[in-house]
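Mind having a look at this structure? Questions to follow.
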There are 2 protein chains.
Amino acid sequence: MKLDDMILVSVDDHVIEPPTVFDHHMPERWAVRAPRLVFDANSGMQKWTWEGGTTSTPFICAVVTLPPKEWGYDPTTLAEMRPGCWDVDERVRDMNANGILASMCFPSFAGMSGNFFAGCKDRELAHVALQAYNDWHIDEWAASHPGRFIPLPLSPLWSPAVAAQEVRRVARKGAKAITFSEAPESFGYPSIHTGAWDPFFAACCDEGVVVAIHIASSDMQATVLNNTAGAPIEVVSTLPCWNALPCAANLLWSKSLVKYPDLKIALSEGGTSWIPGFLDRMERQFHVQKWVGSDLGGLTPTEMFRKHFLACFICDPSGLLLRDRIGIDNIAYEVDYPHSDCTFPGSPEELWEHLTSAQCSDQEIAKITHENAAKFFGVDLFAHVDRRDATVGALRARAGDVDLRVRSKAEYRQHYAATYGAIA
Amino acid sequence: MKLDDMILVSVDDHVIEPPTVFDHHMPERWAVRAPRLVFDANSGMQKWTWEGGTTSTPFICAVVTLPPKEWGYDPTTLAEMRPGCWDVDERVRDMNANGILASMCFPSFAGMSGNFFAGCKDRELAHVALQAYNDWHIDEWAASHPGRFIPLPLSPLWSPAVAAQEVRRVARKGAKAITFSEAPESFGYPSIHTGAWDPFFAACCDEGVVVAIHIASSDMQATVLNNTAGAPIEVVSTLPCWNALPCAANLLWSKSLVKYPDLKIALSEGGTSWIPGFLDRMERQFHVQKWVGSDLGGLTPTEMFRKHFLACFICDPSGLLLRDRIGIDNIAYEVDYPHSDCTFPGSPEELWEHLTSAQCSDQEIAKITHENAAKFFGVDLFAHVDRRDATVGALRARAGDVDLRVRSKAEYRQHYAATYGAIA
């Protein structure tokens, strides 16, 4: 296998939501109360505003191909970003240029677990708006280019019963995954240990919907590792990926996996390098602390992990070296476009270097790059795209005109004005 | 090299403090206000009691050679434990039986960072009592068997200035290390990012004293990874070792290591398997997020880590496999006697299996088992014990009469009554 022969699925990218999210999917009587993307001339920022509160695009989350010196905390509008952040046609062109066949896109303003909607006290409005968001994501964003996206709707965090309903609703629309929080109790909702989420987990199992848990999908102050007072930005930006570890530990020992043997959990942006030591430790706990009477339904912790979890990495050379201890069927790849950690437009080159350094076989490369993701999410990658057209080389051959230069915010603003017009 | 040829230093064990800690080291006018180990007939427990509060031996922390079904939350007195937990002569006999040349012992009732003393509102009393504890630890516990212990006094957490004084005082008494907290701000004291601890760090550098940070040396509710509401005991007992990771990240990016290039930090019971991925991530942060302007004084994060930190493991096969990515000079060994995780009395066998499975060379084995620890703590292991008498084989040859059977609490109570008399 050569670099150009790889077929890449990125199981964790992000959509910066365009202003049209709620235009076509709110029932008429609710339309006037939908969240709106409002430009505030004073701050120079666009913010999503509604009865549930106000939020902007998260920090350093739309910086792809901006010069690093312009990352920082500057005001943000869609005009200052690479258009592929929010324009789905441009996104697919960027995916072609980066050799990415298919992408699963987590939200931005809506929060990694959709918690923006949970902020609305009027639960009926919250529910209608979240459903509109999900319909936009499935029917507009993901459906616009068949075979290029794995749709990822959001779950209503404020109610396990409503979340279960939403799982069944989006499954009928073809969804294969739904977001959840790494620690719902951090927002004041029941923890997974209460059993309150059983209806949600049951619905996910019944419908074959993967629970997708992204790092930072909790109230970070309550759960994140980097809660040291006054910690510098390096601490804040390097630590959250390890949130996946306590999340996995809590799920593994929660009894939910015994109760719902078909439950599948994708850990997004958590990396993989912590998993070998995590499994060592879980196994040791299981055997040394037998007095606790742990019961994983006849499985060992490692068997339980491999049965239920998919982990993914952006850049994780140490994880690749110990892929046998993780489980070769449990590792997937992500680009993290358009966040600061993303590898665009050189993702295939960086990935290839690590795969070959770790001496991965062709079969292992196929599993890590796309087969594991396709199997875990139950997606036929080649239903809409011929396998010969799905490789890095084939996709890139169609993207010769994509501008990959680093461009300043000022240049992007000019490009936006010329292409899309004035910011409303 | 054969198993019996190994020379083993355990850089993390625990003393269950005997009732005599404060008998000979409190100034006379303070003696009546010293903490006392009091037997409460109602609860059947012995508790350390004084003006600063009351505490007992922590849960599953004195269970070595008890049958696992007797671990649990049962009432605890010294009589129900293996005598090596608290009787230093018995401890050394147990070290011989387990092939351990030298041991560094963290406290028990005093808290991993000595926070029991910080609980006393009368700071003068707190200071006097902490000094008495340190004098007992250095002059009685560690000095009783020259060459067999690396003394580990406690730092007064309530004042960086007093802590700096104590560093200089215990250094004059021969101490090579002192405890600190993984997150002092969790107790309401300044975080390391405030600069408040600079006098303490400066004193440690001046005196060549290692800062020894044990997992769970913080207010666990505030910082530990396992803060999920209602988490089962498996979560609570498996996760805390990863507290070492955010602790290391905070220190690495704190500027303190640039300011104090001689500062040395021992991470105790944190394991090593997280370090390769941690260094990958720190390096990526350093290079991808250049806009932050991180400055590690000209070093890379990996160089900084290897210069300042010593990590250790009880059982960490994945860490050993990636020892080159950790740094072969930065790995030490620990037994964790007498906690539930400890490998006594089969530590050499378990360690040997992992070292040989990972195909460690004789030189690597020497570094991991004792050379790294001796160098990091500045200890001459063979000043009091001839090298030929220091090996696993030689030590065990002197311990043929040590009773290694699993014994019930009832059996230990009988043994205690016959050997030491009634519990006061």
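Order of the sequence lines fixes the chain letters, A, B, ..., with proteins taken first and strands second; residue numbering starts at 1 for each chain.
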### Message
When you compare the side chains of A:Ser237 and B:Gln289, does any donor N or O come within less than 3.5 Å of an acceptor on the partner?
### Response
no

Do the side chains of A:Trp242 and B:Phe278 get nearer than 4.5 Å, heavy atoms only?
yes

Turns out that what part of B:Phe286 lies under 4.5 Å from chain A's heavy atoms comes down to neither

* Asked: Is B:Arg325 reaching over with its side chain to a backbone N or O of A:Pro317, donor-acceptor style, under 3.5 angstrom?
  -> no

So, the part of A:Thr194 with a heavy atom under 4.5 Å from chain B: the answer is neither

Rounded to the nearest 0.5 angstrom, the CG-CG distance for A:Leu322 and B:Leu322 is 4.0 Å

* Compare all side-chain heavy atoms of A:Arg284 with those of B:Thr238 and state whether any distance is below 4.5 angstrom. => no

### Query
Would you say B:Arg281 and A:Ile314 make side-chain contact, with heavy atoms under 4.5 Å?
no

Quiz item: Taking the side chain from A:Asp280 and the backbone from B:Ser318, do they hold a donor-acceptor pair closer than 3.5 Å?
Solution: yes

Taken to the nearest 0.5 Å, the spacing of A:Leu239 CG from B:Met282 CE works out to 5.5 Å

Output for pair (B:Leu279 CG, A:Ser273 OG), nearest 0.5 Å, gives 10.0 Å

Ranked by heavy-atom pairs below 4.5 Å to chain A, first place among B:Gly271, B:Cys315, B:Gly277 goes to B:Gly277

If one checks every heavy atom of B:Val292 against chain A at 4.5 Å, the contacting part turns out to be side chain

B:Trp291 side chain near A:Trp71 side chain, heavy-atom distance below 4.5 Å = yes

What verdict does the side-chain contact (heavy atoms from CB on, under 4.5 Å) test give for B:Leu245 and A:Leu245, after you've listed the backbone C-alpha separation in whole Å, the side-chain angles of each residue and the deciding distance to 0.1 Å?
CA-CA 12 Å; B:Leu245 192 159; A:Leu245 192 159; over 6 Å; no

Nearest heavy-atom approach of B:Glu234 to A:Ser294 is OE2-OG, 2.5 Å

Checked B:Pro232, B:Ala249, B:Pro190, B:Cys247 vs chain A; the most non-hydrogen pairs under 4.5 Å come from B:Pro232

Taking every heavy atom of A:Val288 against every heavy atom of B:Ser340, the minimum-distance pair comes out as CG1-O, 3.3 Å

